[in-house]
Amino acid sequence: MLKDHAYIAFSSLRKRFLRTSLTMLGIFIGIASVVALISLGQGMQDAINAQFASVGTDKIIVQGATGGFSPPGQNTAGIVDKHDLKLVSQVSGVKRAAGRLFRSAKVDYADGSEILFTASIPEENEGRELVIEANNIKTAEGRLLKPGDRKKLMVGNNLWTKDKFPKKVVIGSKLMVNGAQFEVVGLLHKIGAGRDDAIMMNEDDARDVLGEPEQYSAVIAQIDAGEIPSNVADRILRALRRDRHQKEGFEDATISTSEELINSVNTILGVVRAVFIGIAAISLFVGGIGIMNTMYASVLERTRDIGIMKAIGARNSDVLLIFLLESGLLGAIGGAIGVLIGIGLSKIVETISREALGSALQPAFPPYLIVGALLFSFTIGVISGVLPARQASKLPPVEALRSD
Amino acid sequence: MIELFKLAIKNVGKRKKRSALTILGIFIGISAVVALISLGQGLQQTINAQFEKVGADKIMLQPKETGLGDMNSPGVFKNQELGAVKKTHGVQDATACLSGAGQIQFNNVQRTHYIMSVPETPEEIKLSNSFHAMEAETGRLLTHKDKKKAVIGYNLGNKKTFGKNIKTSEKIIVNGETFEVVGVLKRIGEPFMDNVIMLPESDARLALKTPNTFQMMLVQAEKNTNPETVAERIEKTLRKERHQKNGKEDFTVQTSTNIIESFNKVLVIVQVVFAGIAAISLLVGAIGIANTMFTSVLERTREIGIMKAIGAKNSDVLWLFLMESGLIGLTGGTIGVIIGAGISKSVELFANSTYGTGTITAVYPAYLIFGALLFSALIGTISGVLPARRAAKLKPVDALRHE
């Protein structure tokens, strides 16, 4: 029974090929843009999450109180220093902790001069392992810094893969950092998050060239397995408060867990995505109106057909079903083409971004996106068809037969 | 021609439901585009007005940094460098300021805010105030005689940042020292300046523990000089001062024109992206028009045959259908412009009541309104070309036979 209905719906669509394809064009443009935007947004989120995954959710970052719009460890009101590092590492629930110093430094090499982000690597092994693990630091060439290395440094990926300096930076290159000569011992893999333009050196060297004897920009702590990050963060804050004789609410340090960081980044990304997709979805709505229009025209044209169908015994529900199937089919086919084109579009963006930026924006096509888009376009079709289909099913057979 | 036009209006009116749906498709797209552009333009105008207040004759010097906002980067300025800049040919006056985060206490609440210094001679204060486009909303701005006085950003006086608003003559504690608030700034619309604490330079140096460097230098070029040329001269002066070769500076020199241009570039890109995505729905709407017109041609095949039989030329039929589709586009466009203007106006009202007046103003330049109307009529006409040509080319005999 349903098969017959579907057959009638399908063949009537085929008969009006031009109109059907124009209507579907409307739907598939909308679906294609939504699919492309979602898959690119999802890809971006996956990339960011992967970056955070290497950090893990068991890290806590302690820094001076920030004013709200500056990156970690910069322009903070309060400070953290060597004394605080010791304090943090003794808080119960903290497995290990490390201090890091971040500053800008002037780097000269082969007639080129750049202001670069300079980061310190802890001198002692435990902290060093934590920093290397949390930041996913790996060498592509050469070696990682060792404890006791003096005037040696590792350079971020962009510094040796892109032409930052007039001459290529290689293992053994001599760089002047704030006037002191350093030798490159390691070329790093891509890390992301601004660290690819950084140079890294042992803490004592960094303190020397940056003129910063005691302070850290941030202290990073890893918690014991089984501890809840926010509980440990509270304990650290309490320890700092006691040590600094501060009242609750008057601390000059900010403590954030890596979980919070991930959540806040995802929230921002989610809002951006929602805005883009919302605007693109307007075109889907317009496409839906197109379907409704086509269906009304179709009802009008086939008034006589409907009369005959009813005269030979079709019930109202049969007519309703045929027209709903027709409009649903319009939506679904448009959606299927739209999904294909959307995938193609985001693949093109991927290729362009690889050519232009060197790093690809990898789009993701989770099953929910594809199945969801198909289902959604079918639903749009059916909904847009409801009014015209009802109009068709309610036609009195006698009058329908009389129409021409 | 007028007869044709009347006929076109009648035809669009006859098929009310279909015409209405087609028009709906167009006006949704047009209203989205109009709303987005009018808000984007409004944003751009606010920023441009801000820069106009600053004036094109200003030059700003900043240390080069890594984009991380490091205020201790090696390129910070020293007192004698300010002197050297002042003596540079074409410089009317110059001043410098320092800034950094501080702990502010008020009403038993502590927050971290940025502190910025105000210079301590009347001429330099004038330059600094005009560069930041600062005006007092209540109270007054700082003068060179002030000690232990502060002026606070708009949000601190209006947004209950500390649980309640800070008013003039109230006391705040900045990094442990007590200051009297003498003025609240007008809203500037930039988070940094709207949350700032302005202190006299010597007080700011103590609070920020920065004894002798500046994070920013501001220069006013002399009248009748080209700010670009003066900027180049300043760059040369500082390079000599620091013994740095061309291209190896650790500082940047930008004229206010440079700054606004880079701002505008970003804004234009954002507008293009948003309006571009919204325009997709216009494309879909246009397809809807084409579809309606094809249906219309099909339905009226017989009518077309009769028209031709009684002497209508191909061009008459073509024009009739083009006018019909253009009319659908134009009507959709008109409604769209009105609704789009309404949407952006409500966004403006909502944003201003939530975030304070002047957050965003929707503007409706004539080119936007006329452009949108013209564009929608054009879209309608173009979508009608194929169906209209099909109608015009129908053979009268075949058309008459059709039922």
Side-chain angles (χ1 to χ4, degrees), chain A residues 18-19 22-23 25-27 29-30 33 37 64-78 102-106 108 111-117 178 194 197-198 210 212 249-252 254 275-276 279-280 282-287 289-290 292-294 296-297 300-301 404, chain B residues 17-18 21-22 24-26 28-29 32 36 63-75 99-105 108-114 175 191-192 195 244-245 247-250 273-274 277-285 287-288 290-292 294-296 298-299 403:
Chain A
L18 184 64
R19 194 187 310 158
L22 278 175
T23 312
L25 191 63
I27 283 291
I29 291 174
S33 48
L37 284 171
T66 58
F69 13 81
S70 69
Q74 308 298 322
N75 306 318
T76 55
F102 306 128
R103 289 280 187 274
S104 311
K106 188 167 191 279
D108 292 278
D111 252 9
S113 182
E114 291 284 338
I115 304 292
L116 295 181
F117 184 79
N178 281 356
D197 288 300
L210 301 171
E212 184 51 79
F250 286 82
E251 301 90 354
D252 57 0
T254 305
V275 169
F276 273 110
I279 298 178
I282 296 175
S283 55
L284 270 182
F285 185 58
V286 176
I289 293 171
M292 201 187 288
N293 215 350
T294 303
Y296 269 122
L300 216 64
E301 268 174 24
D404 63 348
Chain B
K17 201 183 279 172
R18 194 182 311 155
L21 282 174
T22 317
L24 189 64
I26 283 293
I28 291 173
L36 286 170
K64 254 189 207 162
E65 46 114 1
T66 50
L68 288 167
D70 182 359
M71 291 195 177
N72 299 309
S73 84
S99 54
Q103 300 276 350
I104 319 299
Q105 285 179 26
N108 266 320
V109 178
Q110 175 175 292
R111 299 244 182 273
T112 306
H113 282 266
Y114 283 94
N175 284 359
F192 183 89
N195 289 300
Q244 287 168 344
K245 274 189 239 157
K248 290 181 139 199
E249 309 87 4
D250 53 6
V273 169
F274 275 106
I277 298 179
I280 297 173
S281 54
L282 271 182
L283 182 64
V284 176
I287 293 170
N291 211 351
T292 302
F294 270 123
T295 313
S296 193
L298 214 66
E299 267 174 22
E403 54 152 358

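Given the structure is predicted, the values throughout are model-derived calculations rather than measurements. First the proteins, then the strands, lettered A, B, ... as listed; each starts at 1.
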Subject >> Minimum heavy-atom distance between Q103(B) and A65(A), given as atom pair plus value >> reply: NE2-CB, 3.4 Å
Original post:
Hey, does I29(A) have a side-chain heavy atom less than 4.5 Å from the side chain of I287(B)?
Top reply: yes
Original post:
If you take all heavy atoms of Q110(B) and G249(A), which pair is closest and at what distance?
Top reply: CB-O, 3.7 Å
Subject >> Atom pair CD1 (I277(B)) and OG (S283(A)), whose distance is rounded to the nearest 0.5 Å >> reply: 9.5 Å
**OP:** Could you look at F250(A) and say if it's the side chain, the backbone, both or neither that has a heavy atom under 4.5 Å from chain B?
**Re:** both
**OP:** Identify the two heavy atoms, one from S281(B) and one from V286(A), that lie closest to each other, and give their separation to 0.1 Å.
**Re:** O-CG1, 3.8 Å
**OP:** Under 4.5 Å heavy-atom distance to chain A, tell me which part of I26(B) shows up: side chain, backbone, both or neither.
**Re:** neither
Subject >> Which of T294(A), L284(A), I289(A) touches chain B most, by non-hydrogen pairs under 4.5 Å >> reply: I289(A)
Original post:
Side chain, backbone, both or neither: which part of F285(A) has a non-hydrogen atom closer than 4.5 Å to chain B?
Top reply: side chain
**OP:** Take T295(B) and L300(A) through the side chain to side chain contact (heavy atoms under 4.5 Å, CB included) test and state the conclusion after the steps.
**Re:** CA-CA 11 Å; T295(B) 313; L300(A) 216 64; over 6 Å; no
Original post:
What distance separates L37(A) CG from I280(B) CD1, expressed to the nearest 0.5 Å?
Top reply: 7.0 Å
**OP:** Please report the shortest heavy-atom distance between I282(A) and A32(B), naming the atom on each side.
**Re:** CD1-CB, 3.7 Å
Original post:
Checking heavy atoms, do the side chain of T254(A), its backbone, both or neither come under 4.5 Å from chain B?
Top reply: neither
Original post:
Which atoms of L282(B) come close to chain A, meaning under 4.5 Å heavy atom to heavy atom: side chain ones, backbone ones, both, or neither?
Top reply: neither
Subject >> N175(B) versus chain A, the contacting section by heavy-atom distance below 4.5 Å >> reply: neither
Original post:
Is it the backbone or the side chain of V273(B) that comes under 4.5 Å from a heavy atom of chain A, or both, or neither?
Top reply: side chain
Subject >> Proximal component of N293(A), with respect to chain B [non-hydrogen, under 4.5 Å] >> reply: both
Original post:
Under a 4.5 Å heavy-atom cut-off, does chain A meet the side chain of T292(B), its backbone, both or neither?
Top reply: side chain
Original post:
Heavy-atom distance under 4.5 Å to chain B: side chain of L210(A), backbone, both or neither?
Top reply: neither
Subject >> Among the listed options D252(A), N178(A), I27(A), the residue most often paired with chain B at heavy-atom distances under 4.5 Å >> reply: D252(A)
Original post:
Could you state the interatomic distance from NZ (K64(B)) to OG (S104(A)), rounded to the nearest 0.5 Å?
Top reply: 12.5 Å
Original post:
Non-hydrogen atoms of chain B under 4.5 Å away: do they reach the side chain of E114(A), the backbone, both or neither?
Top reply: neither
**OP:** Go through E301(A), E212(A), E251(A) and name the one with the most non-hydrogen pairs under 4.5 angstrom from chain B.
**Re:** E251(A)
Subject >> Toward chain B, the part of D111(A) with a non-hydrogen atom under 4.5 Å >> reply: both
